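The structure appears right after this line, and notes come after that.
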Amino acid sequence: SSDIEVLPDIISTVEFNYSGELLATGDKGGRVVIFQREQESKNRPHSRGEYNVYSTFQSHEPEFDYLKSLEIEEKINKIRWLPQQNAAHSLLSTNDKTIKLWKISQRDKRAEGYNLKDEDGRLRDPFRITSLRVPVLLPMDRMVEASPRRIFANAHTYHINSISVNSDHETYLSADDLRVNLWHLEITDRSFNIVDIKPANMEELTEVITAAECHPHQCNVFVYSSSKGTIRLCDMRAAALCDRQSKFFEEPEDPSSRSFFSEIISSISDVKFSHSGRYMMTRDYLSVKVWDLNMENRPVETYQVHEYLRSKLCSLYENDCIFDKFECCWNGADSAIMTGSYNNFFRMFDRNTRRDITLEASRENSKPRAILKARKVSTGGKRKKDEISVDSLDFNKKILHTAWHPKENVIAVAATNNLYIFQDKIN
């Protein structure tokens with residue numbers, strides 16, 4: 001395990017690129033920090049897997065909407081990498097209103113030996129040039145530059161909660177509370193509205209869009225989740241405006257467990273397609289569910305993340321924690337899933353063996369190459385020696401954002417303003 005202290009701002013998103021060699025984090029201060037994985041060297045055989053800062057840049061600045069007298073905060077809500085086309089890397093980052101396409105390129109060579117200017121840059125007198133020099137490329141210290149290539153603005157009335165790059169690598173979608181828009185990566189001045197759930201009278205509003213994602217292989221298919229605990233799968237070939245979904249996923253509620261908080265805790269905070277495209281995973285307040293896209297009436301797997309909090313919902317409602325939006329992610333082979341909890345705990349579930357584990361991301365237990373111990377929470381009765389009581393959990397320490405390397409067992413976990421990177425034990 002390695003522990004990277006990011007600037008004092010709270011991390012708001014974490015994302016590996018397609019190869020897993022780069023890891024980007026966005027924070028509340030509008031900054032993007034990119035980490036690059038070190039290549040293994042002969043004199044440092046264990047250095048493989050260590051991520052070091054590659055580039056830091058200010059992606060968004062605070063703005064003010066004068067028409068509505070609203071401050072637009074600079075916090076980065078989501079980062080999504082684009083597949084690499086050349087030596088440079090590209091990513092999309094968004095705050096509440098504006099999406100930006102950034103190009104991250106590096107220079108490690110400089111040209112020297114010009115004919116018309118001296119080494120210090122002064123122009124030479126053309127009459128004194130008697131020979132022709134061929135400029136040469138010399139190595140120099142690596143310089144990484146981030147430059148904004150496109151700015152996609154003014155398309156969202158409400159706060160953007162999701163961006164997702166399509167499998168055609170030409171288009172992407174962005175979603176806010178009531179609408180989903182489809183963009184072309186080359187075109188910034190217009191987007192197509194593909195979902196609009198805004199009622200004619202806002203007093204009739206009963207649900208909002210909480211997350212949206214494109215299918216990993218079928219560029220015409222996307223899903224979006226709602227605050228009512230439902231997921232709609234839409235096919236853009238069916239109609240220009242996907243107001244009628246192709247599939248509607250909802251689990252019938254168990255009447256015996258109904259309570260005042262049922263609606264709040266059934267709201268879906270994240271939805272993710274599996275890499276295979278056969279399944280999708282949704283996260284609500286207490287559980288993670290895996291759905292087969294061919295079966296709409298109930299999930300095929302349900303994993304309890306922190307069932308022991310069911311008796312604490314009243315105090316979690318009072319301190320607003322019940323509205324926390326936890327994300328979830330798949331491993332590269334779709335055989336395991338990960339999501340966060342409180343007290344800097346995060347949970348991993350093995351889909352094949354149905355085993356699960358609770359781990360903790362904290363300064364105390366993350367000395368480099370230390371092995372993480374499983375944590376257990378006691379739910380009343382007699383507490384065992386190494387168990388933690390529910391009442392002593394710290395609800396200010398929450399892991400909302402996690403990411404899994406696309407090919408290896410390397411995970412990134414954001415705990416407030418620290419980023420932890422854990423990997424499988426290497427003998």
Side-chain angles (χ1 to χ4, degrees), residues 4-9 15 17-19 21-27 29-44 47 50-64 72 74 76 79-95 97-154 163 165 169-170 172 183-190:
I4 299 166
E5 170 94 50
V6 175
L7 304 143
D9 269 296
E15 188 80 4
N17 74 339
Y18 282 75
S19 67
E21 293 302 299
L22 297 178
L23 171 66
T25 65
D27 67 22
R31 273 184 302 261
V32 171
V33 183
I34 299 174
F35 300 92
Q36 184 184 44
R37 195 175 195 185
E38 289 299 312
Q39 298 305 316
E40 191 169 353
S41 59
K42 284 196 175 71
N43 49 1
R44 291 183 64 216
S47 63
E50 284 184 15
Y51 283 80
N52 292 318
V53 174
Y54 177 66
S55 172
T56 305
F57 58 94
Q58 188 73 30
S59 170
H60 288 70
E61 303 279 357
E63 292 174 66
F64 193 78
I72 302 165
E74 64 274 39
I76 310 288
I79 290 173
R80 289 291 178 264
W81 291 90
L82 298 175
Q84 194 175 355
Q85 312 284 1
N86 50 32
H89 297 274
S90 303
L91 60 80
L92 291 167
S93 64
T94 185
N95 67 350
K97 297 287 181 191
T98 306
I99 304 156
K100 295 185 182 182
L101 171 62
W102 290 89
K103 176 183 166 189
I104 297 100
S105 50
Q106 68 174 43
R107 286 211 310 259
D108 54 4
K109 292 185 172 58
R110 61 190 170 89
E112 222 175 66
Y114 290 96
N115 290 289
L116 296 176
K117 58 184 184 185
D118 288 325
E119 301 308 333
D120 54 5
R122 278 188 310 211
L123 286 176
R124 294 166 69 186
D125 181 355
F127 296 106
R128 302 180 67 180
I129 298 171
T130 53
S131 61
L132 187 66
R133 289 195 290 181
V134 178
V136 290
L137 286 174
L138 296 178
M140 63 174 225
D141 287 346
R142 183 175 77 186
M143 258 178 64
V144 182
E145 297 171 319
S147 52
R149 300 310 299 265
R150 312 245 187 299
I151 295 179
F152 307 89
N154 305 325
I163 47 177
V165 180
H169 302 160
E170 282 191 352
Y172 74 92
W183 300 84
H184 193 287
L185 282 161
E186 302 286 329
I187 301 168
T188 57
D189 60 355
R190 62 184 178 275

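This chain uses plain numbering: 1 for the first residue, then up along the sequence. Since this is a predicted model, take the numbers as computed values, not measurements.
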Test side chain to side chain contact (heavy atoms under 4.5 Å, CB included) applied to Pro148 - qualifying residues, sequence neighbours left out:
Trp102
Glu186 backbone acceptor or donor facing Glu170 side chain under 3.5 Å:
no
Contacts under 3.5 angstrom, residues 130-143 side chains, donor-acceptor by atom type, not counting sequence neighbours:
| residue | atom | partner | partner atom | Å |
| --- | --- | --- | --- | --- |
| Arg133 | NE | Tyr114 | O | 3.4 |
| Arg133 | NH2 | Tyr114 | O | 2.5 |
| Arg142 | NH1 | Gln36 | OE1 | 3.0 |

State which residue, out of Thr25, Thr56, Asp9, fulfils the side-chain hydrogen bond (donor to acceptor under 3.5 Å, both in side chains) condition with Arg31.
Asp9
Pairs satisfying ring-ring contact (aromatic ring centres under 6.0 Å, His included), at least one member in residues 115-153, at least two apart:
Phe152-Tyr172, Phe152-Trp183
With sequence neighbours excluded, tell me which residues meet salt bridge (charged side-chain N to carboxylate O under 4.0 Å, His left out) with Arg190.
none
Trp81 side chain to Glu15 main-chain N or O, any donor-acceptor pair under 3.5 Å?
yes
Qualifying residues under salt bridge (charged side-chain N to carboxylate O under 4.0 Å, His left out), relative to Asp118, sequence neighbours excluded
Arg124
The criterion is ring-ring contact (aromatic ring centres under 6.0 Å, His included); which residues satisfy it with Phe64, sequence neighbours excluded?
Tyr66
Using the salt bridge (charged side-chain N to carboxylate O under 4.0 Å, His left out) criterion, which residues pair with Glu74? Sequence neighbours excluded.
none
Using ring-ring contact (aromatic ring centres under 6.0 Å, His included) as the criterion, list what pairs up with Tyr54, not counting sequence neighbours.
none
Residues in side chain to side chain contact (heavy atoms under 4.5 Å, CB included) contact with Asn86, at least two apart in sequence or another chain:
Ala88
Test side chain to side chain contact (heavy atoms under 4.5 Å, CB included) applied to Gln84 - qualifying residues, sequence neighbours left out:
His89
Who are the side chain to side chain donor-acceptor pair (under 3.5 Å) partners of Ser19, not counting sequence neighbours?
Asn17
Go through the structure and list residues passing salt bridge (charged side-chain N to carboxylate O under 4.0 Å, His left out) with Glu112, not counting sequence neighbours.
Arg110
